[in-house]
A.B. asks: 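Below are the structure tokens for one structure; questions will follow.
Model, not experiment: these values are computed from the prediction.
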Amino acid sequence: MKNGDHLFLVDGSGFIFRAFHALPPLTRKSDGLPVGAVSGFCNMLWKLLTSARDTSVGDTPTHFAVIFDYSSKTFRKDIYNAYKANRSAPPEELIPQFGLIREATRAFNLPCIETDGFEADDIIATYARQAEANGADVTIISSDKDLMQLVTPMVHMYDSMKDKQIGIPDVIEKWGVPPEKMIDLQAMTGDSIDNVPGIPGIGPKTAAQLLEEFGDLDTLLARAGEIKQQKRRENIVANAELARISRQLVTLRTDVPLELSLDALVLEPQNGPKLIGFLKAMEFTSLTRRVADACNCDAAAIEASEVKVEWGDTAHGPDLDVAENVDLVAGGRVVAEGASVPAPVVKSRMASESAAEPAELAKERAASFATAPIDHSTYVTIRDLAVLDQWIADARETGIVAFDTETTSLDAMQAEIVGFSFAIADNRKDPSGAVIRAAYVPLGHKNGVGDLLGGGLADNQIPLRDALPRLKDLLEDISILKIAQNLKYDYLLMKRYGIELKAFDDTMLLSYVLDGGANGTHGMDSLSERWLGHKPIAYKDVAGSGKSNVTFDLVDIDRATAYAAEDADVTLRLWLVLKPRLAAEKLTSVYERLERPLVPVLAHMEERGITIDRQILSRLSGELAQGAAALEDEIYRLAGERFNIGSPKQLGDILFGKMGLAGGNKTKTGQWSTSAQVLEDLAAAGLELPRKIVDWRQLTKLKSTYTDALPGYVHPETKRVHTSYSLASTTTGRLSSSEPNLQNIPVRTAEGRKIRTAFISTPGHKLISADYSQIELRVLAHVANIPQLEQAFADGVDIHAMTASEMFSVPIEGMPSEVRRRAKAINFGIIYGISAFGLANQLSIERSEAGDYIKRYFERFPGIRDYMESTKAAARDKGYVETIFGRRVHFPEIRSSNPSVRAFNERASINAPIQGSAADVIRRAMIKMEPALVAAGLADRVRMLLQVHDELIFEVEDADVERSTPIIVSVMENAAMPAVNMSVPLKVDARAANNWDEAH
DNA sequence: ACGTACACCTA
DNA sequence: GTAGGTGTACGTC
């Protein structure tokens, strides 16, 4: 190798993971073999070999090698045993692709390099330094920060996904330090993925700042005493040794023994037939064609080579589409049984592509739309009605449009529309590649307050009264698919403007169905970073935050366009990535039957709200304040001083420091625990003060969280309280409720129940509360197939008493309540993935006694143990478990080497199918409820208001209570049918009253 | 102004 | 032992 040569080093392992996660869609060969990462890898290699000059690398390689990790056991493990310890197993679909990518490398006639005991990064470092010493340029194909320490004027990195070269200035921009300081920076920040410890509390920003100040890690550690911030100083002093170990871990070795010399990496000519044979075997039609063109081969004359892969079972869960025939209003659009919304086929006008298979073509086009770089120059502001009409016509032509609204509030019930954006996949403009065009339509922007025209409507905006009818045409047209992120918000907003969104998809719900429980949330920013490798403009960068925060109507229209159009653009790309996975992963029916149809149902419930009686709450608040004040006096007297009772820290110091009480526990941060359990124990030992504290806490909790906070949520116009339900924030499929949370209104104590009396029906109406009885135990009896439980539920006997009778051989008649209480705790424990530790805590008994109970339980109900074991095994093998309706819940950490993390995941995986199936049942009931009420002629007379996991609350005219109750009960009891015919009956209790307390 | 810990409300 | 959300205190920026 000599001066002027150019060595390309591909980080093969890094690329595999990156391609797998970034490259949509989940491409599969016709036999089901997943090959998405292989495809990305081959395309990238081909491009580098043939046209690196046209990319931002700007030069063609003379030498080339692809480097892989050999095994997980490397010298780093000897330095630090936990290194990479919490790395979870690769995704199932990726496993067969590791071997394939090595095959691909050989098919390209390229050296494929790995060395036992070293990571790919060390091999890359060694080659890079050697080549540099020979005067050659080096390009490392990777964007991994671990390699950035290698960057010099001669050594660059290249991010092939983003077509971006990474040189010294890029490293400084990204991390705040030059490449040679990356080692020290990484040593300080650590790395949770590789389990490099670092120094707690030090992130990249702080680390860069410290390096700026002290120069390097050793100086910093030597002079740590000079750091002003106390916590930070302590952390650094205490963890100096960890930082030094971390530095060893992140420092790449440049002395790896190499089998192949630099000169052996010289680029050999392509072996066309060999490569084409491989590509044909992979069914990469378009790349095959390109390679054949380039080497003047006749692809048709070359046979696909034989490629062996390790690949097992591709079976999937139940396909409910076949079983169902009743309940179907999909996305507000009536769809023929079994039908889905159209797959993301984007019409192509490019002649050169017409030869390919339509399905393949659609996939490629979708992939190219989704991965083409985000380009703000494709965004426009629409200020003219004719232009808007043209865009809507284009949307109608394509049939698919991503949509987003900008408003004055995060609360859809209070928000006013300020503008809307949309994005269309368009390939007319640029025949060489995919273009997503996006536009923002400002409607209600105002001039800034500092402006001369302060507060008035800004010029050159389409009037709302002109825009709304156009919007209505678009949003209500069932032949145009609307795509939004968190669509319930837009649905509710538009409904308040008299528009009923029809025919839609929600990217948040797609992600929730596909990746529920897998790492990460389903918010747009996180999805965009995960799937598109793009960080969208942050809302706070547009509207400010905190004190300087403004509502969106005051945002400058150009800034608003960039932000809003990008959101629509990103949403469309996410849909292109996620939607095809639905069918490929057999999750279409979960999405179409359990998720999407719930959007309008929940929007309607939120819009209705519920009335609260402010007088009742205000009176309660006064009583609670008086009670708390009286207790405060007593507490100060008993403690001998005044202190902040609400501060656990101060309280702990008083009880266990000053008063020197025994029986204290420490929390995980080393503070004295003052939990109710601890205080109860002290009270039981005859102490007065702890009892008073417990009582004080109850009163102040009820006051601050409920009686004082709830009136603040009364809507100024409707005078009702409108909660917001989240469809995608639990792992199990339950809903969650917030602002306010109406799923945790007190019920356990008499004091707390008074708050429920403030939830009232409108005059002339009743509230009906209908709740499932023991739904989770019934689900358990069904999924685990337990004959005694099934019989007990069929006979309608007391299930806890039955359990007690089986376990302790006590007759049900005249059973002591303590015996039943223990059996009840065990039944709950089973649902929660029982442990002796937890059961002992719950019942205040010894661990060994709790262990005996569990043992006896499993002897009586061996099927339950079988269920638990097989569920854990399934979670371990597949990475997920399923509800009876096929919803998947992922457990990426279930193979953790940390025993407590693993045990936690095992318990959660046992609970998820039970809790999740129950959640699916009530979802189905909610979806079926509206049509059933319409069919009974009760539409609008019976209004579903709230859901509390196993309970539905309705508001009903007095005269209709008797007629509607059996309908509600019947819909709920039959909700699992016909998709699943459960082996136990579902039972629902319903009651009507003027307030929630009495109805419950 | 924002994030984390603790405590406590629900199913 | 499962799944959530919210209020207060308190630390850091």
Side-chain angles (χ1 to χ4, degrees), chain A residues 201 203 205-206 209 228-232 235 517 540 544-549 644-652 667-679 693-694 697-698 700-706 708-710 713 723-726 729-749 751-753 755-756 771-772 774-776 780 825-843 847 850 854 868 889 900 903-916 918-919 922 947-951 1000:
Chain A
K205 290 283 183 290
T206 314
Q209 180 207 326
K228 289 185 204 73
Q229 298 92 336
Q230 187 199 337
K231 262 263 142 49
R232 182 177 294 175
N235 268 332
K540 69 174 187 338
S545 67
K547 217 198 277 187
S548 57
N549 163 48
N644 184 345
I645 308 167
S647 163
K649 188 165 171 286
Q650 293 182 29
L651 177 60
T667 67
K668 65 178 173 198
T669 52
Q671 296 278 345
W672 289 110
S673 167
T674 64
S675 67
Q677 182 65 59
V678 169
L679 298 179
I693 306 267
V694 169
R697 280 198 182 150
Q698 195 206 356
T700 52
K701 170 81 179 176
L702 294 176
K703 181 170 185 292
S704 67
T705 310
Y706 302 105
D708 289 354
L710 282 172
Y713 288 102
T723 183
S724 172
Y725 288 105
S726 169
S729 55
T730 72
T731 46
T732 55
R734 275 192 178 180
L735 304 178
S736 74
S737 157
S738 63
E739 292 178 292
N741 181 354
L742 297 186
Q743 291 179 324
N744 72 345
I745 303 302
V747 70
R748 237 181 58 257
T749 65
E751 249 339 79
R753 267 201 302 279
I755 290 165
R756 288 204 170 206
D771 69 307
Y772 284 104
Q774 311 281 10
I775 187 168
E776 294 192 346
L780 174 67
I826 294 167
N827 277 332
F828 272 99
I830 294 294
I831 290 169
Y832 295 155
I834 203 150
S835 77
F837 180 85
L839 183 63
N841 259 347
Q842 179 65 34
L843 287 175
R847 275 264 283 282
I854 295 169
M868 292 174 116
V889 182
S900 66
F904 176 80
N905 276 272
E906 286 174 353
R907 290 193 299 272
S909 74
I910 289 166
N911 172 258
I914 304 170
Q915 189 185 116
I922 197 164
Q947 190 250 41
V948 191
H949 307 309
D950 65 358
E951 174 187 14
H1000 185 73

A.B. asks: Between which nucleotides of DNA chain B, 5' to 3', does chain A make heavy-atom contacts below 4.0 Å?
C.D. replies: B:dA1 to B:dA11

A.B. asks: Please identify each residue that fulfils side chain to side chain contact (heavy atoms under 4.5 Å, CB included) with A:D708, with sequence neighbours left out.
C.D. replies: A:S621, A:K703

A.B. asks: Name the nucleic acid region contacted by A:S673, choosing base, sugar-phosphate or nothing; use a 4.0 angstrom heavy-atom cut-off, strictly under.
C.D. replies: sugar-phosphate

A.B. asks: Classify the nucleic acid contact of A:G646 as base, sugar-phosphate or nothing, counting any heavy atom under 4.0 Å across all strands shown.
C.D. replies: sugar-phosphate

A.B. asks: So A:L702, base contact, sugar-phosphate only, or nothing? Heavy-atom distance under 4.0 Å.
C.D. replies: nothing

A.B. asks: Among all residues two or more places apart in sequence or in another chain, which pass the side chain to side chain contact (heavy atoms under 4.5 Å, CB included) test with A:S704?
C.D. replies: none

A.B. asks: Taking any heavy-atom pair under 4.0 Å as a contact, classify A:Q650: base, sugar-phosphate, or nothing.
C.D. replies: sugar-phosphate

A.B. asks: Contact between A:I834 and A:M868 at the side-chain level, heavy atoms closer than 4.5 Å - yes or no?
C.D. replies: yes

A.B. asks: Please round to the nearest 0.5 Å and tell me the distance separating atom CD1 of A:I854 and atom CD1 of A:I830.
C.D. replies: 7.0 Å

A.B. asks: Using a heavy-atom cut-off of under 4.0 Å over every strand shown, decide if A:E739 touches base, sugar-phosphate, or nothing.
C.D. replies: sugar-phosphate

A.B. asks: Restricting to side-chain hydrogen bond (donor to acceptor under 3.5 Å, both in side chains), what partner residues turn up for A:T730, sequence neighbours left out?
C.D. replies: A:Y512

A.B. asks: Regarding A:R907, tell me which of base, sugar-phosphate or nothing describes its non-hydrogen contacts under 4.0 Å with the strands shown.
C.D. replies: sugar-phosphate

A.B. asks: Check every strand shown and say whether A:S704 touches a base, only sugar-phosphate, or nothing at a heavy-atom separation below 4.0 Å.
C.D. replies: sugar-phosphate

A.B. asks: Which is the 5'-most and which the 3'-most nucleotide of DNA chain C that has an atom under 4.0 Å from a heavy atom of chain A?
C.D. replies: C:dG1 to C:dC13

A.B. asks: Tell me what A:A912 touches on the nucleic acid: a base, only sugar-phosphate, or nothing, going by heavy atoms under 4.0 Å.
C.D. replies: nothing

A.B. asks: Would you classify A:T674 as touching base, sugar-phosphate or nothing, given that sugar-phosphate means primed atoms plus P, OP1 and OP2, and contacts are heavy atoms under 4.0 Å?
C.D. replies: sugar-phosphate

A.B. asks: May I ask you to say what A:A825 touches in the nucleic acid, namely base, sugar-phosphate or nothing, with a heavy-atom cut-off under 4.0 Å?
C.D. replies: base

A.B. asks: In chain order, what residues pass the side chain to side chain contact (heavy atoms under 4.5 Å, CB included) check against A:S726, with sequence neighbours excluded?
C.D. replies: A:S729, A:S736

A.B. asks: Please work out if A:A709 contacts a base, only the sugar-phosphate, or nothing of the nucleic acid, heavy-atom cut-off 4.0 Å.
C.D. replies: sugar-phosphate

A.B. asks: Spell out, as yes or no, whether a donor-acceptor pair under 3.5 Å connects the side chain of A:R734 to the backbone of A:H949.
C.D. replies: no

A.B. asks: So what does A:I834 hit on the nucleic acid, given a heavy-atom distance under 4.0 Å: a base, only sugar-phosphate, or nothing?
C.D. replies: base

A.B. asks: By the 4.0 Å heavy-atom rule, please label A:F904 as base, sugar-phosphate, or nothing.
C.D. replies: sugar-phosphate

